[in-house]
Enquirer: 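I'd like to ask some things about the structure below.
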Amino acid sequence: MQLPVKIVFLQTLHRNPSHLPCYTPLFQFITSESGGGGRIGIGTGNSDASLLRQTRQLHCQLLLRGFDAKLIPSFLLSRIIAAYSSLQDLNSATLLFSSIKISVADTIVFNALIRGHARFGSPETTLQLFRAMHVNNIHPDHFTFPFILKSCISLQSLDLGRSVHSLCLILGLHRDLYVGTSVMDMYVKLGEIRSGQYLFDSISMKDVSSWNVLIAGYLSIGSCERASDLFDKMTVRNVVSWTAMISGLAQNGMADRAISLFHAMEEQGVRPNWITIVSVLPACGQIASLEHGKKIHRHATSLTLDGIPAVQIALLSMYGRCGSLIDARRCFDRVTSEEGMDRRDLVVCYNTMIAAYGWNGRGVDVESCFEEMIGRGLEPDAVTFVSLLSGLTHSGLVEQGYRYFKRMRSFYHVEPSMEHYSCVVDLLGRCGRLEEAKAIIDGMPMEAGASVWGALLGGCSSERNLAIGEIAAERLFEMEAYNSGNYVLLSNMYAEVGRFERVEELRRKLRENEILKNPGCSWMEVKGKCYLFTSCSPSPFVCESTLEKMLKKMKEAGYVADTRLCLHDVSEEEKEHSVIRHSEKLALAFGIMKCESRDKLRVTKNLRICVDCHNFSKLISQVYDREIVIRDVNRFHHFSQGSCSCHDYW
DNA sequence: TTAGGGTTAG
């Protein structure tokens, strides 16, 4: 409804305040204006708080004129309940509902309350209301079932979902477009993609949402090619179809495809909404594409989507993952300084900022940000502690981290989970406290998973503790036989001590089990273009003579290749030849050639940076007087004037 | 009334 229409109604109401039909469109207007938690930002200047005030005023007017709930016709009653529900005031909605006799409540009144509980309340209460309908012989309709099916999804109950589907069939409601789509969605989200596909193939009433449900389903199980096929076959696509594909690709690690699709969507003239923006930003963070991230930020600003908390948090995370802490902090300050912010949003915002400091090796800021959060009276959650512990680990703040871990349950009321055990094993393991780390694993209240043993193996690898490393590796080979990373870590440890017969044995195991090693690669963005470097083949972007020239200059400055990690028992010369062609070194050579001297060289690598590349990068930052930022699979290294932000602890 | 969404380890 447009604003002038509202004014016309208000004028009518002013002249004849007892004329009930005038109230209905007003409550409807309020419902349509509500932002579902203030996130949509329609832009007419009505905040949810002011809409709730208006709802209460209008409701009070009705009561003052003698219209209590029993005298209000059910259609208007359902509109008032809907208005309260959409503004998340479920108490008022429920109170109003309970002030009428349940036997006179009809389907539309129930539907209004069910909708509110399904969106903002609990699935249990939603289903209780559904049962109450049944007990009172009030028939559910095509408006009821989508919310009931949504509740089955929330409860992760396939059995319940199947029963509700049966009821739809009995009532003949399965042919309804909305009910049909919701049934499909229920099967797809509860792991029955084949049933979803079967329904999709068999139903005649299909619209863009039916396609979107199936596409999202395939993406959720990692079947990007089937999802792409469906997407390509669609004759009509809407913003949800595009967003589903973008987010699915990003979540399946196909960040570059996700970003390309976002641009393709824009070219087709489809306007992104805030969900599209928060779906594409993680893709920029994944590949550390600061240029794309900034471009999308500008775009979000031009669409006035940047004020939405979820967008700000996604931006903050993206900047953190792109190594731009100044921009990250700017987003953080904007969200946290706003009045009346939702506490949940604030917690997520702090979690993200803590993580961003952690990735960038700013341990002191990790701790102060956490303490600031506590000082504001916010309750940390499980994610906070993962960010906090790993953030302190990256900076070697072991005592602080260990103290927080020990106080998690007693002081902060957060139960340590597997993730937290992985973090604390990593924390202790990295600084050589491997016996303690192993003791923690032995005392865990749950069976240690691969993440925990992986953290221990990582610690053993840095500390060169083969005895415990072998124990961890054995467990990992049982648990995740096809993860090549574990074989590589153990191989490296054997190679370092010259036990090449064990290296060869592991290599044979990899071959026999057809396990593919994850080849190392690095990439770099220069003037909007992304360049990929691999160590296995000659680079099309860096010629041999450039590389030799750089190596000569570096050797003059004191560089000596650290070849301890070479897995082959070959000559030192051959080892040096291999080490100098590591992908991040090729990227750096390219960056020095192509980038302006004032520009930071930003390299991203898919694996952990090796000791030699770390030493080399430190020296190159000094010899060539360049600021270098390398993001490896775990964290950032900011190199400047011969030293690294990680202080050689990573 | 249905479909897409922000934070977390190695």
Side-chain angles (χ1 to χ4, degrees), chain A residues 39 82 111-112 114-115 118-119 141-150 176-186 188-189 207-217 219-220 238-248 250-251 272-282 308-318 320 335 344-345 347-356 358-359 381-391 393-394 417-427 429-430 450-459 461 483 485-486 489 608 633-635:
Chain A
R39 290 173 171 186
N111 284 351
I114 282 176
R115 178 177 184 258
R119 286 183 72 193
D141 66 5
H142 55 291
F143 278 82
T144 321
F145 279 101
F147 298 114
I148 301 307
L149 289 157
K150 214 184 176 83
D176 177 84
L177 194 55
Y178 288 88
V179 176
T181 307
S182 302
V183 170
M184 263 182 59
D185 190 41
M186 178 273 295
V188 163
K189 290 224 172 78
D207 73 350
V208 63
S209 301
S210 328
W211 287 77
N212 292 346
V213 163
L214 203 59
I215 286 174
L219 289 165
S220 73
N238 61 13
V239 64
V240 179
S241 329
W242 287 92
T243 306
M245 275 308 293
I246 290 165
S247 97
Q251 283 169 18
N273 60 24
W274 69 273
I275 303 180
T276 323
I277 302 292
V278 301
S279 302
V280 71
L281 285 173
I308 296 167
V311 172
Q312 280 293 326
I313 293 162
L315 283 167
L316 153 54
S317 177
M318 179 275 291
V335 184
R344 179 69 205 141
D345 287 338
V347 169
V348 175
C349 198
Y350 270 93
N351 290 354
T352 315
M353 194 68 233
I354 291 168
W359 298 323
D381 62 10
V383 176
T384 316
F385 279 95
V386 172
S387 302
L388 175 70
L389 295 175
S390 69
T393 300
H394 286 314
S417 69
M418 186 80 83
E419 284 83 4
H420 304 110
Y421 281 100
S422 306
C423 289
V424 77
V425 167
D426 187 29
L427 176 86
R430 263 175 214 268
S451 61
V452 181
W453 289 110
L456 187 67
L457 179 61
S461 157
N483 183 345
N486 303 322
L489 275 183
R608 182 177 182 268
V633 71
N634 299 325
R635 57 167 299 154

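Lettering follows sequence order; numbering is per chain, from 1.
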Enquirer: Between B:dG6 atom C1' and A:Asn273 atom CG, what is the distance in whole Å?
Expert: 13 Å
Enquirer: Nearest to the side chain of A:Pro146, heavy atoms from C-beta on, is which of B:dT2, B:dA9, B:dA3?
Expert: B:dT2
Enquirer: Closest approach to the side chain of A:Phe143, judged atom by atom: which nucleotide of B:dT1, B:dG4, B:dT7 is it?
Expert: B:dT1
Enquirer: Could you walk me through whether A:Thr352 and A:Gln312 pass side chain to side chain contact (heavy atoms under 4.5 Å, CB included), step by step?
Expert: CA-CA 11 Å; A:Thr352 315; A:Gln312 280 293 326; over 6 Å; no
Enquirer: Nearest to the A:Val348 side chain among B:dA3, B:dG6, B:dA9, which nucleotide is it?
Expert: B:dG6
Enquirer: Just to be sure I understand the rule, does A:Ser422 reach a base, reach only the sugar-phosphate, or reach nothing, if contact means heavy atoms closer than 4.0 Å?
Expert: base
Enquirer: Nearest to the side chain of A:Val383, which nucleotide is it out of B:dT8, B:dG4, B:dG10?
Expert: B:dT8
Enquirer: If you look at every strand shown and take non-hydrogen atoms under 4.0 Å, does A:Phe147 touch a base, only sugar-phosphate, or nothing?
Expert: sugar-phosphate
Enquirer: Which of the following nucleotides, B:dG6, B:dA3, B:dG4, is nearest to the side chain of A:Ser247?
Expert: B:dG4
Enquirer: From the list B:dT8, B:dT7, B:dG4, which nucleotide is the closest neighbour of the side chain of A:Pro282?
Expert: B:dT7
Enquirer: Just jot down the side-chain contact (heavy atoms from CB on, under 4.5 Å) partners of A:Asn483, sequence neighbours excluded, or say none.
Expert: A:Glu480, A:Asn486
Enquirer: Ignoring backbone atoms, establish whether A:Lys150 has a side-chain N or O less than 4.0 Å from OP1 or OP2 of B:dA3.
Expert: yes
Enquirer: For A:Pro146, enumerate each residue passing the side-chain contact (heavy atoms from CB on, under 4.5 Å) test, keeping only those at least two apart in sequence or located in another chain.
Expert: A:Tyr178, A:Val179, A:Ser182
Enquirer: May I ask you to say what A:Ser209 touches in the nucleic acid, namely base, sugar-phosphate or nothing, with a heavy-atom cut-off under 4.0 Å?
Expert: base
Enquirer: Looking at A:Lys189, I'd like to know whether one of its side-chain N or O atoms comes within less than 4.0 Å of OP1 or OP2 on B:dT2.
Expert: no
Enquirer: Does B:dA9 have OP1 or OP2 sitting under 4.0 Å from an N or O in the side chain of A:Trp359?
Expert: yes
Enquirer: Are OP1 or OP2 of B:dT8 and a side-chain N or O of A:His420 less than 4.0 angstrom apart?
Expert: no
Enquirer: May I ask you to check whether A:Ser210 and A:Asp207 show a side-chain donor-acceptor distance below 3.5 Å?
Expert: yes
Enquirer: Can you identify which nucleotide, out of B:dG10, B:dT7, B:dG4, has its nearest atom closest to the A:His394 side chain?
Expert: B:dG10
Enquirer: Closest to the A:Arg430 side chain: B:dG10, B:dT8, B:dT2?
Expert: B:dG10
Enquirer: To the nearest Å, how far apart are A:Asn212 CG and B:dA3 P?
Expert: 10 Å
Enquirer: Could you check how far CG of A:Asp176 sits from P of B:dT2, rounded to whole Å?
Expert: 12 Å
Enquirer: In whole angstroms, how far is the C1' atom of B:dG6 from the CD1 atom of A:Ile277?
Expert: 13 Å
Enquirer: Does A:Arg344 put a side-chain nitrogen or oxygen below 4.0 Å from OP1 or OP2 of B:dG6?
Expert: no
Enquirer: Ignoring the backbone of A:Asp345, work out which of B:dG6, B:dT2, B:dT1 is nearest its side chain.
Expert: B:dG6
Enquirer: Checking side chain to side chain contact (heavy atoms under 4.5 Å, CB included) between A:Asn212 and each of A:Asp185, A:Thr243, A:Val240, which is the one that passes?
Expert: A:Val240
